[in-house]
Number of protein chains: 2
Amino acid sequence: MQRVTIKDVAEAAGVGVATVSRVLSGGSASPETRERVLAVAAQLDYRPSALGRNLRQRRTGGMGLLLPDLTDSFYGQLAEGVLACARAAGEPVMVGSTGDDAEQEAELVGMLVEQSVDRVIAVPSGGADVWLPAVRAGMTVVFADRLPPEPAPAAGGGDIDALADLMRLDGVAPPRQGEAPRTTARGLDVPAVLADDRAGVRTAVRYLTGLGHRRIAYLGVPGHSRRVAAFREALGGAVEEDLIVYAEGSRDSAYAAASGLFQARPDLTAVIAGGNVLGEATVLAARELDLRVPQDVSLVMYDDVPWAELCSPPLTVIAQPGHDIGYRAAELVLRGGGRRPRTVLLPTELIVRGSCGPRRR
Amino acid sequence: MQRVTIKDVAEAAGVGVATVSRVLSGGSASPETRERVLAVAAQLDYRPSALGRNLRQRRTGGMGLLLPDLTDSFYGQLAEGVLACARAAGEPVMVGSTGDDAEQEAELVGMLVEQSVDRVIAVPSGGADVWLPAVRAGMTVVFADRLPPEPAPAAGGGDIDALADLMRLDGVAPPRQGEAPRTTARGLDVPAVLADDRAGVRTAVRYLTGLGHRRIAYLGVPGHSRRVAAFREALGGAVEEDLIVYAEGSRDSAYAAASGLFQARPDLTAVIAGGNVLGEATVLAARELDLRVPQDVSLVMYDDVPWAELCSPPLTVIAQPGHDIGYRAAELVLRGGGRRPRTVLLPTELIVRGSCGPRRR
DNA sequence: ACATCTGATGGAATCGTTTCCATGCAGCGG
DNA sequence: CCGCTGCATGGAAACGATTCCATCAGATGT
């Protein structure tokens, strides 16, 4: 029970393999030949092997998808978006879960290289040390949901910093409609599909300050630096540094951070959780410390996951379109990272439910 | 900037390509040659291209993973398990989301065939018409979480049914410790890694009857027929058919089913939801109809998803080890489906929280 | 000392496809 | 009528690895 090869089709149709290949991949051929080949191919149920093609073209079709954690519903949504687009295009997707760890991410990129997969969608955890080599090696990379961490501010101003080289968040241009950060690099730039964090966080902060809150905390992951930046910006000069707390990706770490935050600053009256896992941890920690939501503390969480509505009280959230982000990223990477919009910003929406109330203390 | 090939290594080391290949894949070679080749390969940063190897071996490494929906946290956990095992083995994973639809599943299997991926882990949606061809074509298939739908009972008893051919749930053997269903077929059988649904559902039912409940409803998806069967079994002869309701995979369908159930049988006092999406829908529907949990209706949900604890009341759940199921399935498929245990049953656990109370009406 | 065996080694075939190039045929303008 | 262009076509090379097989050196056995 052998596989049907192009040679079989060629023989059966009485033509050369070159002709079959041309017909099947839309090259030129006389109408009659084309018809005959097509008929024979259909009859033999011929399916070209991706193996041969890949080797010849020195590249594997499809795309890689690297994200921190499939257990996180938001990344599940994002993945579904990518898969939907890939399926529409008939392309396979190789998925890797990085655990939000730069080293694992680098390993996975290595595997993709080994597989000659040259299109990748990534929710990046690592910085330029991971992504610069990949891009230099000719990969088409599209970032989704966030950008690689920015380089730590260089001590000496003139140092060439690889991170800065690959990724620069351009906050220079005058803010205008649809203002988008641009990720640039010398000669190469990586497109990205992001939620409009600036607007999202700003809206949330305004909503909270509108309710009278002054001591608002932000609980985030280091990866989403744009959200923290937006938080600082929205609050103006009035940020107290110890109201900004970071956790790693894991649930334990998130819980520890939330709990620590509540204990270190019992005077805070509102929290913005920069991700649904963080939101989850915040609810848990608050409950553990007998803080009532929203009477004692108001909560706004990133991501409109299905259970936000089930919580009691139902959570007020900053919704971002996970599915769309994935879909658009996949489109972009399939188009080879197209020339036009280097960064796509998708809108967020503040969905008000019951987890925020007026300041009471 | 060319890729380093085995030929480059061979030249640089002053040996033939065959020798390099042998050294790298553990064949025989003199110690000195081996060392020299290894050194050169390391120095050149040579990474064998999976493309060449795949073509020669007529198979793509790694495995495919087909599941209904990555948005469902349980499948996210399962996927993480698979990815963890695959990463440990250095194998890539091609993921496809079927939307619980047999047709899409078949398409995705077709794509895997095209890619010459011959190991697949699947949470099956389609029946034998999808999986029999795949197995016949030489794929190593491992089912996870559930088995393909059983064939509708044939009208004429003697009909050869392809579904029955591939999959037969063997309930014949006397129940003994660690009793496992076996999926068999003529000459080929597909291993499976499942949660012990029988025990899980039985425990839940006993818990509920122990609380005084008599009219217990089961809300499930058609795919998990084993759970319904277990529900029937646990209840003995006392099952009322209209207390068993099915929904498709989608959230809308789940909500409709839950809402319909409550309205059709306002006298029911407890619900077992056969999946976390169904549980979510049940909570929503109950709230919409002003049914209080657990005063008016008790709820046990399948899957210990993180938000079960956040709900109010926190949900009593049947926990199944999603991560382990995925990991074990990946192990199995990498071992080529091994000879030994054709089906692995993993234990479930009833985690009692606050969503069940004594019967009140 | 000769035959035989063992183990290391390299050349070449192979996998299935795409693509370059040469060939042959027909049509057309000069 | 010749030569040129243009198109359809098929043979063969290429992609990068694995693996069969022949060769050769050295060791062993008689």
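Both backbone and side-chain heavy atoms feed into the values below; hydrogens, waters and symmetry mates do not. Residue numbers begin at 1 in each chain, while the letters A, B, ... track the order of the sequences.
dC15(C) atom P lies 8 Å from atom NZ of K7(A), rounded to whole Å. Counting to the nearest Å, the C1' atom of dT17(C) and the CZ atom of R3(A) are 11 Å from each other. Counting to the nearest Å, the C1' atom of dT19(C) and the CG atom of L55(A) are 13 Å from each other. Following rounding to the nearest Å, Q57(A) (CD) and dG16(D) (P) show an atom-to-atom distance of 13 Å. Atom pair L24(B):CG and dG16(D):C1' shows a separation of 13 Å (rounding to whole Å applied). Per the geometry, CG belonging to D8(A) stands 11 Å off P belonging to dC15(C), to the nearest Å. dG10(D) atom P lies 14 Å from atom CZ of R34(A), rounded to whole Å. Per the geometry, CD belonging to E11(A) stands 13 Å off C1' belonging to dG10(D), to the nearest Å.
Closest to the side chain of R22(A), from the set dT19(D), dG10(D), dT9(C), is dG10(D). Comparing dA17(D), dT9(C), dA12(C) by their nearest atom to the side chain of I6(B) picks out dA17(D). Listed nucleotides dT18(D), dT9(C), dT19(C) differ in distance to S21(A); the shortest reach to its side chain belongs to dT19(C). Relative to the side chain of S49(B), the nucleotides dC20(D), dG16(D), dA13(D) differ in distance, and dG16(D) lies closest. The side chain of R56(A) has dC15(D) as its nearest neighbour among dA8(C), dG16(D), dC15(D). Among dG16(C), dA8(C), dT18(C), the nucleotide with an atom closest to any side-chain atom of T33(B) is dA8(C). The side chain of T5(A) approaches dG16(C) more closely than any other nucleotide in the set dT19(D), dG16(C), dG10(D). Taking the side chain of S30(A) as heavy atoms from C-beta on, and the options dT9(D), dA17(D), dC15(D), the nearest nucleotide is dT9(D).
When each of A29(A) and R58(A) is assigned the nucleotide of DNA chain D with its nearest heavy atom, A29(A) is the one assigned upstream, toward the 5' end. Take the nearest nucleotide of DNA chain C for A18(B) and for G52(B): the residue whose nucleotide is more 5' is A18(B). Residue order along DNA chain C, read from the 5' end via each residue's closest nucleotide, puts G16(B) first among L51(A) and G16(B).
Using a 4.0 Å heavy-atom criterion, one finds that S25(B) contacts no nucleic acid atom at all.
Enclosure of atom CZ in R119(A) by more than 12 non-hydrogen atoms of other residues, nucleotides or ligands within 6.0 angstrom is indicated. Atom CD of Q43(B) has 12 or fewer heavy atoms from other residues, nucleotides or ligands within 6.0 Å. Crowding of E35(B) atom CD: a count of heavy atoms from other residues, nucleotides or ligands under 6.0 Å not exceeding 12.
For the pair Y46(A) and dT17(C), the criterion of a side-chain N or O lying under 4.0 Å from OP1 or OP2 is met. Close to dG7(C), at under 4.0 Å from its OP1 or OP2, lies no side-chain N or O of S28(B).
Side-chain contact between R146(B) and S125(B): present, with at least one pair of heavy atoms (C-beta onward) separated by less than 4.5 Å. With a 4.5 Å cut-off on side-chain heavy atoms, P191(A) and F143(A) do not count as touching.
Under 3.5 Å, the side chains of Q115(A) and T60(A) contain no donor-acceptor pair of N or O atoms.
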